[in-house]
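Report on the structure given below.
Basis for what follows: all heavy atoms, side chains included, without hydrogens, waters or symmetry-related copies. Sequential numbering from 1 along the given sequence is applied to the chain's residues. Treat the numbers as computed from the prediction; the structure is a model and nothing was measured. All ligand and atom numbering here is 1-based and tracks the order in the structure.
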Amino acid sequence: MGAHVFHRSTSARPPIAVRGEGSFLIDADGRRYLDACSGAAVSCLGHGHPRVAAAIAEQAARLEYVHTGFFTTAEGEELADLVADLSPGALDRVWFTSSGSEATEAALKLARQYHLEHGDSGRTQVIARRLSYHGNTLGALAVGGSEWRRAPYAPLLIDVSLVDPCFEYRFAEAEESAEDYGRRAANSLEAEILVLGAETVMAVIAETVVGATAGAVPPVAGYLRKIREICDRYGVLLILDEVMCGSGRTGTFLSCEQDGVVPDIVTLGKGLGGGYQPIGAVVCTDKVYEAVASGSGALKHGQTYNAHPVGCAAALAVQQIIREEGLLGRVVTAGERLQALLTSRFGNHPNVGDIRGRGLLLAIELVADRATKAPFDPALKLHERAKSEAFARGLLIYPGGGTADGRSGDHILLAPPYNIADHELETIVDLLGDTVDAVLP
Ligand SMILES: Cc1ncc(COP(=O)(O)O)c(C=O)c1O
């Protein structure tokens with residue numbers, strides 16, 4: 001066994017995982033790993049939840065698959081009702097996919113089709129942000145701003161305008177208030193719309209809280225509201241990517257609720273099904289849906305596994321458990337607890353420049369010099385070493401590089417399950433402290 005899988009790295013085969021129990025994963029040698037990142041901010045209920053497993057088994061035994069060109073299912077309908085109910089404002093129609101990248105692709109097509117339905121065929125341009133990630137399929141990669149992910153495939157990608165994200169620690173001037181900075185960051189997006197010609201722009205896409213590329217970066221207060229106003233002013237659709245930060249990860253079903261903003265389209269994935277099944281979603285407002293419904297009558301898109309019944313049954317169980325067990329409240333208290341623990345361990349650490357995030361999507365950023373915020377030499381590959389050091393200690397973390405400018409900078413992302421226990425949060429920070437000390441030059 002073991003010679004045929006094309007693993008992520010061709011130089012090493014990872015250990016074989018055999019079981020999950022709550023916040024822990026267990027490998028074939030019986031080693032236990034505390035999952036401080038839920039894989040990639042996925043396993044929001046932890047591992048091995050018996051009720052979700054039972055819902056999946058029941059669905060698979062009764063009805064494993066139907067094509068959405070022929071049928072709908074009660075599970076898909078009920079999940080869409082719940083998602084629409086939990087989503088703010090007029091976000092009322094739900095299109096299910098099997099991943100976050102597919103949700104991005106569908107959202108982009110939906111935005112394009114919205115304008116076509118209005119006879120506005122000149123709107124073809126998307127404005128996205130640097131240091132962002134919306135998925136790895138070619139369309140999603142094209143609208144992402146992660147330099148190292150894009151570079152090898154750049155000749156295959158559609159042209160997209162990239163503006164700076166709202167990233168206070170890195171981009172605000174020393175004397176600038178958060179409010180002024182947010183306004184300046186939003187104004188740069190408006191300037192880009194005007195450079196392109198507003199009548200050519202179809203959508204702006206942004207992660208509400210930037211996840212893997214910059215490491216848990218929430219927008220400053222007021223920034224997203226300003227972006228919303230700008231999009232409205234020019235007839236541009238606002239797509240918020242909540243694949244990582246949505247589905248409750250920051251303490252509200254959608255993170256943008258905390259910014260007082262309702263996008264035209266929002267994408268979900270990861271925590272929607274909590275890793276029990278691969279499922280993503282595109283949620284759009286009545287206005288967007290009606291453009292299609294009263295126009296051509298169909299989104300010119302579709303995939304074999306849209307609204308997969310077992311995926312929908314799993315996500316329904318996950319979202320019901322989150323409601324019934326009041327886990328959004330737990331995300332808030334556990335997030336505050338984790339942030340406090342991180343602050344007490346790293347608040348005065350000479351190589352931790354920033355501790356940030358929202359709810360249970362948190363990160364620390366490593367710097368060579370706190371005063372100047374100078375990052376470490378990327379050749380040190382600190383983030384990669386942090387991952388292996390933590391792994392050797394039985395801790396799973398989700399570090400990333402290129403944090404500061406796409407090339408240099410290191411952060412460590414934490415995104416534990418919503419139902420993580422307090423004593424497990426303490427263990428995470430203890431092990432993370434040892435990890436950081438072990439990797440620093
Ligand atoms: C913000 C964001 N959008 C989209 C995606 C793509 O999701 P998937 O890997 O399920 O295709 C990710 C995955 O990390 C993500 O973090």
Among Asp405, Thr213, Asp164, the one residue meeting side-chain hydrogen bond (donor to acceptor under 3.5 Å, both in side chains) with Arg130: Asp164
Provide, to 0.1 Å, the distance between atom 5 (C) of ligand 1 and the closest protein heavy atom, together with that atom's residue and name. Val243 CG1, 3.7 Å
Can a cation-pi geometry be assigned to Arg330 and Tyr418, taking NZ or CZ under 6.0 Å from the six-membered ring centre and within 45° of the ring axis? no
Does the ring of Tyr223 carry Arg183 above it, NZ/CZ under 6.0 angstrom from centre and within 45° of its axis? no
Checking Thr200 against Arg123: is there a side-chain donor and acceptor pair closer than 3.5 Å? no
Just jot down the ligand 1 atoms closer than 4.0 angstrom to any heavy atom of Ser99, in number order. 10 (O), 11 (O)
Hey, what do you get for CD (Gln125) to CD (Glu192), rounding to the nearest 0.5 Å? 8.5 Å
Atom 11 (O) of ligand 1: the protein heavy-atom neighbour that sits closest, reported with distance to 0.1 Å: Ser101 OG, 2.5 Å
Enumerate the atoms of ligand 1 whose separation from the nearest heavy atom of Glu207 is less than 4.0 angstrom. 1 (C)
Quick look: Lys270 vs ligand 1, heavy-atom contacts under 4.0 Å, and the answer is side chain
Atoms of ligand 1 under 4.0 Å from any heavy atom of Gly100, numbered from 1 in the order shown, are 6 (C), 7 (O), 8 (P), 10 (O), 11 (O)
Subset of ligand 1 atoms that lie under 4.0 Å from at least one heavy atom of Met244: 16 (O)
Numbered atoms of ligand 1 (with element) below 4.0 Å of Asp241, judged on heavy atoms: 1 (C), 2 (C), 3 (N), 4 (C)
Can you find a side-chain donor-acceptor pair between Glu324 and Gln320 that sits under 3.5 Å? no
